[in-house]
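Have a look at the structure below, then the notes.
Residue numbers start from 1 in every chain, and the chains themselves are labelled A, B, ... in the order their sequence lines are given, proteins ahead of strands. Just so it is clear, the structure is predicted and the values come from calculations on it, not from any experiment.
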2 protein chains.
Amino acid sequence: MSAVPADAVFRALADPTRRRVLERLGRGPATVGDLAKPFEMALPSFLQHLRMLETAGLVESEKVGRVRTYRLVPERLKLAEDWLARQRRLWETRLDQLDDLLKTLKESES
Amino acid sequence: MSAVPADAVFRALADPTRRRVLERLGRGPATVGDLAKPFEMALPSFLQHLRMLETAGLVESEKVGRVRTYRLVPERLKLAEDWLARQRRLWETRLDQLDDLLKTLKESES
DNA sequence: TCAATAGTTAGGTATTGACCTAACTATTGA
DNA sequence: TCAATAGTTAGGTCAATACCTAACTATTGA
């Protein structure tokens, strides 16, 4: 069943921990330790979230010595944004058409 | 474990079946049967998707006689849109700051 | 050189998601 | 009135998520 990239992106965004990580990375790259600090969670659990973000393509990382640094891949969020924007255009068009219809009906009354 | 509304919205969007349903509803209300027709899936499985969209607040439904009709609740998509827009503003600001910094450095060279 | 640090792997549990079939209820049109 | 229609409920399988602890590897600074 075609696991479209959008699936992974939206699934990655579905978790508050992962959204907070993205917000953090929006202000610049950070190491695993830095990223993990604000969370109660055990490290291995947290790493799973990072892995999920990375496989969704929303972040990328590089290890130097024993330190791995993550940064945002902003283009990837566009996938989600684009879908939502397209969706909004769709129903806005439809509401406009309804509006036109109502206007036409009102005019033909007079 | 604050299950923020955004969680449910993004999770609802994570499945292609549900996104197709939303696209369909973007063109106007439709009954369960109408919505289900394009999908191979058994009806009970499909209903679960509809339920998930409804608990996420993305759609609402009303039953008249034996027919249930679904329609989009567009405001709800704004939750997702807003988060993404805020996120974009964040990292765009940061990239601008980097840009300024680089410009400043270049100027001080000359 | 060796103990502390940074991250990783292995493996276990509980819940939820995505599907199915079978059997049911409520409505409606002939 | 009764068979077809529209949707619903019950219950089962399998994979993935979200967490955990324990034990490990690789790097580095004193």
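For the OP1/OP2 pair of C:dC19 and a distance below 4.0 Å, the side-chain nitrogens and oxygens of B:H49 include at least one atom meeting the criterion.
Side-chain atoms of A:Q48 lie closest to D:dC19 of the nucleotides C:dA18, D:dC19, C:dC20. Here C:dG7 is the nucleotide among C:dT21, D:dT17, C:dG7 with the atom lying nearest to any side-chain atom of A:T31. Looking at the side chain of A:L47, the nearest of the listed nucleotides C:dT9, D:dC20, D:dT8 is C:dT9. Checked against D:dC20, C:dG7, C:dC20, the side chain of A:M41 finds its nearest nucleotide in D:dC20. Distance from the side chain of A:S45 is smallest for D:dC19 among the nucleotides D:dG7, C:dC19, D:dC19. Side-chain proximity of B:K63 to C:dT8, D:dG7, D:dC20: nearest is D:dG7. Closest to the side chain of B:V32, out of D:dC20, D:dG7, C:dG7, is D:dG7. Closest to the side chain of A:M52, out of C:dT21, C:dG7, D:dT17, is D:dT17.
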**OP:** Mark up nucleotides 23-30 of chain C, 5' to 3', with B wherever a protein heavy atom is under 4.0 angstrom from a base atom, S wherever such an atom reaches only the sugar-phosphate, and - elsewhere.
**Re:** ----BS--
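The strand DNA chain C forms stems, runs of 3 or more Watson-Crick or G-U wobble pairs with distances below 3.5 Å, at C:1-30 with D:1-30.
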Please tabulate, for the side chains in residues 30-46 of chain B, all donor-acceptor contacts under 3.5 angstrom to protein atoms that are two or more places apart in sequence or on a different chain.
from: B:T31; atom 1: OG1; to: B:D34; atom 2: N; distance (Å): 3.2
from: B:T31; atom 1: OG1; to: B:D34; atom 2: OD2; distance (Å): 3.4

Show me the side-chain donor-acceptor pairs of residues 15-27 of chain B shorter than 3.5 Å, one per line, residues at least two apart or across chains.
from: B:D15; atom 1: OD1; to: B:T17; atom 2: N; distance (Å): 2.8
from: B:D15; atom 1: OD1; to: B:T17; atom 2: OG1; distance (Å): 3.4
from: B:D15; atom 1: OD1; to: B:R18; atom 2: N; distance (Å): 3.3
from: B:R18; atom 1: NE; to: B:A12; atom 2: O; distance (Å): 2.8
from: B:R18; atom 1: NH1; to: B:H49; atom 2: ND1; distance (Å): 3.0
from: B:R18; atom 1: NH2; to: B:R11; atom 2: O; distance (Å): 3.1
from: B:R19; atom 1: NH1; to: A:D7; atom 2: OD1; distance (Å): 3.3
from: B:R19; atom 1: NH1; to: B:L13; atom 2: O; distance (Å): 2.7
from: B:R19; atom 1: NH2; to: A:D7; atom 2: OD1; distance (Å): 2.7
from: B:E23; atom 1: OE2; to: A:W83; atom 2: NE1; distance (Å): 2.9

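With sequence neighbours left out, the side-chain hydrogen bond (donor to acceptor under 3.5 Å, both in side chains) criterion links A:R88 to A:E92, B:E81. Residues that satisfy the side-chain contact (heavy atoms from CB on, under 4.5 Å) test with B:T55, not counting sequence neighbours, are absent from this structure.
Considering B:V73, B:L77, B:L72 in turn, B:L77 is the only one that fulfils the side chain to side chain contact (heavy atoms under 4.5 Å, CB included) rule with B:L58.
Comparing B:T69 and A:D15 by the nucleotide of DNA chain D that holds the closest heavy atom to each, the one mapping nearer the 5' end is B:T69.
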